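Here's the structure, in structure tokens; my notes come after.
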Amino acid sequence: MNRFAKGLLVAALVAVVGMAFRVSWNAQHDVARTVGADDTAAFLYPFVVDGLMALALVATLVLTGKDRTFALRVLAGYTAASLVLNYVHGLVPALRGGEARMQLADWAPANWALVLLATSLPVGAIFFGSDLVAKVLHHRTTPTADQDETQQSHTNRLGSDLQESAPETRPAVAESPAPESADPAPVGGPVAEVEPVKSAEPPVLRPVAAVESGPRRATGRVPQAARTPRPTRTPDELLTEARTATADWPDEKLTAEAIRKAVRTSSANGRLLRDALKAERAEQAVSEAQAA
């Protein structure tokens, strides 16, 4: 059903409900005046009863499960109560106009029941209306069967696509020798030509997208035997590298941290190399001074 048809259906429903409310308004107004309501209360009385019926009808369209059953019961109860009041109004002609208080029925228990029904409907409208609004506000939609079927069909379609993308292989047909007849062929007779057996066509391979796997997680520490051994340098090799790296350095930059970073060694070796290099430079400065 398109949107125009839905809108037309809703408009027709609103029109029918409005006309029904107008027809029922006189009966409920007169009954309210008869049970003791003033002019304002009697004017609002039909809105309370029929308004709760409209609210329950909307709640039945929104709620599901037990809440929807509860809304249907409220709608049915208030519909029956409105029907009873309209029936009493039509049965007793003196009620029309509602100008004076009077009994709704000649039998006392029936009159008490009708008065109790008419006076309890506004209180029930407050209780049931609040409960229905709370249920509608706290209602959470659940996936329906149509959504489950749509998801299942989508999964099946993905599976069929994967099967079509898989390479199709044909079973290879093995060449078997022609069966030899038990009876020997007559000598000198015509020999039938045997057609060669055609080899099976190679399977057609289709490209399939590679599936990227995530990074592998570490399962534990790598054993020492599987690790790449680190080269160990002797003190003389370290000193030679440090001497080459710091040849053009001034004395102010000759620190243990700078040497450690240049040679890539430990802090302790950096301090030893610093002391050795400073000692060499001091000896070189003394020898140069003596030579001068």
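The first residue in the sequence is number 1, and the count goes up from there. Predicted model, so just to flag it, every value in this text is computed and none were measured.
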Under the side-chain contact (heavy atoms from CB on, under 4.5 Å) criterion, do R233 and T265 qualify, and how do the steps go? CA-CA 10 Å; R233 293 172 291 183; T265 184; 4.2 Å; yes
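- There is a path of hydrophobic side-chain contacts, each under 4.5 Å, that joins V263 to L239.
- Connection of L137 to L57 is established within a shared hydrophobic cluster, with ILVMFWY side chains joined at heavy-atom distances below 4.5 Å, either directly or through further cluster members.
- Under the 4.5 Å side-chain heavy-atom criterion for Ile, Leu, Val, Met, Phe, Trp and Tyr, V84 and V92 are members of the same hydrophobic cluster.
- D38 and R33 make their closest contact through O-CD, 3.8 Å (heavy atoms, listed as atom of the first residue, atom of the second, distance).
- The environment of CZ in R68 is sparse: at most 12 heavy-atom neighbours from other residues, nucleotides or ligands sit within 6.0 Å.
- We find the CG-CZ distance between L8 and R3 to be 16.0 Å, quoted to the nearest 0.5 Å.
- The closest donor-acceptor contact from the side chain of S82 to the backbone of T79 lies at 3.5 Å or more, if one exists at all.
- In this structure, W25 has its ring center no closer than 6.0 Å to that of Y45.
- For the residue pair H29 and F43, the shortest heavy atom distance occurs at CD2-N, 3.8 Å.
- K261 contributes atom NZ, which lies 8.5 Å from atom OG1 of T255 (distance to the nearest 0.5 angstrom).
- The side chain to side chain contact (heavy atoms under 4.5 Å, CB included) with L121 is formed by just one residue from the set V49, V48, L52; it is V49.
- Atoms CG and OG1, from L75 and T60 in turn, are 6.5 Å apart once rounded to the nearest 0.5 Å.
- Inter-residue side-chain proximity for F70 and L63 is flagged as unmet; no heavy-atom pair is nearer than 4.5 Å.
- Transitive grouping of hydrophobic side chains (ILVMFWY, heavy atoms separated by less than 4.5 Å) keeps W112 and W107 in distinct clusters.
- When all heavy atoms of N26 and H89 are compared, the pair lying nearest together is O-NE2, 4.1 Å.
- Counting non-hydrogen atoms of other residues, nucleotides and ligands closer than 6.0 Å to CZ of R281 gives a total above 12.
- By the 6.0 Å contact criterion, CZ on R243 is enclosed, its count of non-hydrogen atoms from other residues, nucleotides or ligands being greater than 12.
- Once rounded to the nearest 0.5 Å, the distance linking CG of L254 with CD1 of I259 reads 4.0 Å.
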Report the C-alpha distance between L55 and V74 in whole Å, list the side-chain angles of each, state the deciding distance to 0.1 Å, and finish with yes or no for side-chain contact (heavy atoms from CB on, under 4.5 Å). CA-CA 10 Å; L55 177 61; V74 173; over 6 Å; no
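- Under the 4.5 Å side-chain criterion, counting only non-hydrogen atoms from C-beta, R260 is not in contact with N269.
- A distance of 11.0 Å separates NZ of K135 from CZ of F128, quoted to the nearest 0.5 Å.
- Hydrophobic cluster membership is shared by V115 and V31, with clusters built from Ile, Leu, Val, Met, Phe, Trp and Tyr side chains linked at under 4.5 angstrom.
- Residue T246 holds its OG1 atom at 4.5 Å from CG of L277, rounded to the nearest 0.5 Å.
- What you find for A37 and A42 is that their closest heavy atoms are CB-N, 4.1 Å.
- With hydrogens and angles ignored, the 3.5 Å screen pairs no side-chain donor or acceptor of S24 with any backbone N or O of A20.
- When all heavy atoms are compared, the tightest approach of F21 to P46 is CE1-O, 3.5 Å.
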